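The sequence lines fix the lettering, A, B, ..., with proteins before strands; numbering per chain opens at 1. Computed from a predicted structure; not experimentally measured.
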2 protein chains.
Amino acid sequence: MSAPAEPTPARLRAIPSRLIAGVAVVADRLVGERLAAEGARKWHFAVLAVLAESGPASQAELSRRTGIYRSDMVAVLNELADAGCVRREADTADRRRNVVTLTAAGRRRLERLDTLVADAQREILAPLTPAEQHELTRLLTLLTDHHRPPHPHPRDAG
Amino acid sequence: MSAPAEPTPARLRAIPSRLIAGVAVVADRLVGERLAAEGARKWHFAVLAVLAESGPASQAELSRRTGIYRSDMVAVLNELADAGCVRREADTADRRRNVVTLTAAGRRRLERLDTLVADAQREILAPLTPAEQHELTRLLTLLTDHHRPPHPHPRDAG
DNA sequence: GCCCAAACATTTGTGTCACTAACGAAGGTA
DNA sequence: TACCTTCGTTAGTGACACAAATGTTTGGGC
């Protein structure tokens, strides 16, 4: 009974969902480690990126666009606000809402985090040629577009 | 400020690690839902598959081959043993170890779960042509092979 | 033979993440 | 008015990855 050289049997390795999950773990770790070095998590980056691209938004809107649950958004915004990256003010037009606004400090922070995330992407995709990287992105986009809403509230879509 | 039709900004969508994570969530959900309908989780399937392919093994070996932590393996094997899918006996040759063996019931269960997992794979990859499915698998395999060991014990490989 | 380092199975605990349930406050509509 | 929904918030659940510590057992060096 000599120890086999291959740790994971071929049968399991060939299962796409396991393959994808494995790559996702690696990718998340690489991104997470870099962001953690700056005291950030991926959600901070996602929120800042959405604010920079689409302008001020309510928390519910940020939830939909980033994929973070409204419940979890609270803590993320608390942290971003504590760091001075965003302002959270009551919406005068609709007092149920908070208007979340990117600050100058937030914009600078996004710039920094953006670099880190981009570095991580490069490391993740390093073993692929540029053409392969593009193809992978294309295929993954096809999958996400097809499997759009897992089961979100149907009344959200316009 | 009309509500934009696109929930997620293009900038975030284009990030490979986010793309991968999104697909992984969808894939995990599709697999998980099917397995849950039979009261199983993916780890049950993984352990059964390894046992079927490589024969009886110690818990530590199963840990290495499935990727489950030794700590978590205990509960998984408890559940599989309670369901009569595996036998867990002390190894007479090395009494530190348990020998985990697939039972006839376990083999039948694996057959069933295998079908469910295969169905899920088909649904996940549905939007891709067979050639694209193959290419995606190839690219993901390249990535996993390159990013091999996060930090496993170096003395395992023989 | 004895001693020590390692492997093993196990328990317990931690942190992250996706997600649900429930609440009060506010708005829209009939 | 009453009703239903959205919003922000708190609290809690369950799966998962992982660390730390414990007790048992094994193998190697002496």
Side-chain angles (χ1 to χ4, degrees), chain A residues 3 18 21-22 24-29 31-33 35-36 40-44 46-47 57-64 66-79 81 86 88-100 149-158, chain B residues 3 18 21-22 24-33 35-36 39-47 57-64 66-79 81 86 88-100 149-156 158:
Chain A
R18 270 185 71 95
V25 167
V26 171
D28 252 43
R29 184 172 355 239
V31 172
E33 281 171 356
L35 292 180
R41 276 173 303 158
K42 56 177 173 174
W43 297 130
H44 297 123
V47 168
S58 71
Q59 299 186 192
E61 265 180 52
L62 290 177
S63 287
R64 291 182 215 110
T66 57
I68 316 175
Y69 255 65
R70 321 183 264 307
S71 342
D72 305 319
M73 180 62 70
V74 178
V76 172
L77 288 180
N78 283 341
E79 291 158 16
V86 304
R88 178 159 45 171
E89 302 158 304
D91 188 336
T92 55
D94 185 343
R95 302 228 306 278
R96 293 171 301 181
R97 296 183 176 172
N98 289 339
V99 177
V100 180
H151 39 212
H153 300 279
R155 59 189 77 77
D156 278 344
Chain B
R18 269 185 72 94
V25 167
V26 170
D28 253 42
R29 175 156 23 224
L30 288 174
V31 172
E33 281 173 356
L35 292 180
R41 276 172 301 157
K42 56 176 173 174
W43 296 131
H44 298 123
F45 168 74
V47 168
S58 71
Q59 300 186 191
E61 265 180 53
L62 289 176
S63 286
R64 289 183 216 110
T66 58
I68 316 175
Y69 253 63
R70 321 181 265 304
S71 337
D72 305 319
M73 180 61 71
V74 178
V76 172
L77 288 180
N78 284 341
E79 290 157 17
V86 303
R88 178 158 46 172
E89 304 156 305
D91 187 338
T92 56
D94 184 342
R95 300 228 306 277
R96 293 171 300 183
R97 296 182 178 173
N98 288 339
V99 176
V100 181
H151 36 215
H153 298 280
R155 60 187 74 75
D156 279 343

Provide, to the nearest angstrom, the distance between the [atom1] atom belonging to [X] and the [atom2] atom belonging to [N].
| X | N | atom1 | atom2 | value |
| --- | --- | --- | --- | --- |
| R97(A) | dT9(D) | CZ | P | 14 Å |
| M73(B) | dA9(C) | CE | P | 9 Å |
| R95(A) | dG24(C) | CZ | C1' | 14 Å |
| D91(B) | dA7(C) | CG | P | 17 Å |
| R18(A) | dC16(D) | CZ | P | 12 Å |
| N78(B) | dT11(C) | CG | P | 7 Å |
| K42(B) | dA17(D) | NZ | C1' | 10 Å |
| D94(B) | dA6(C) | CG | P | 17 Å |

Side-chain contact, heavy-atom cut-off 4.5 Å: [X] with [Y]?
| X | Y | value |
| --- | --- | --- |
| N98(B) | L77(B) | no |
| R18(B) | K42(A) | no |
| L35(B) | H44(B) | no |
| V100(A) | E61(A) | no |

Does [X] put a side-chain nitrogen or oxygen below 4.0 Å from OP1 or OP2 of [N]?
| X | N | result |
| --- | --- | --- |
| R70(A) | dG8(D) | no |
| Q59(A) | dT6(D) | no |
| R88(B) | dC8(C) | no |
| Y69(A) | dC17(C) | no |
| R41(A) | dC17(C) | yes |
| N98(A) | dT9(D) | yes |
| R29(A) | dC18(D) | yes |

Listed nucleotide nearest any side-chain atom of V74(A), set dA9(C), dC7(D), dT10(D)
dT10(D)

Taking any heavy-atom pair under 4.0 Å as a contact, classify S71(A): base, sugar-phosphate, or nothing.
base

Need to verify one output field. Residue with the more 5' nearest nucleotide on DNA chain D, D72(B) or A93(B)?
D72(B)

With nearest nucleotide decided by heavy atoms, which residue, R96(A) or L77(A), maps closer to the 5′ end of DNA chain D?
R96(A)

Shortest non-hydrogen contact from R70(A) toward S63(A):
CA-OG, 3.3 Å

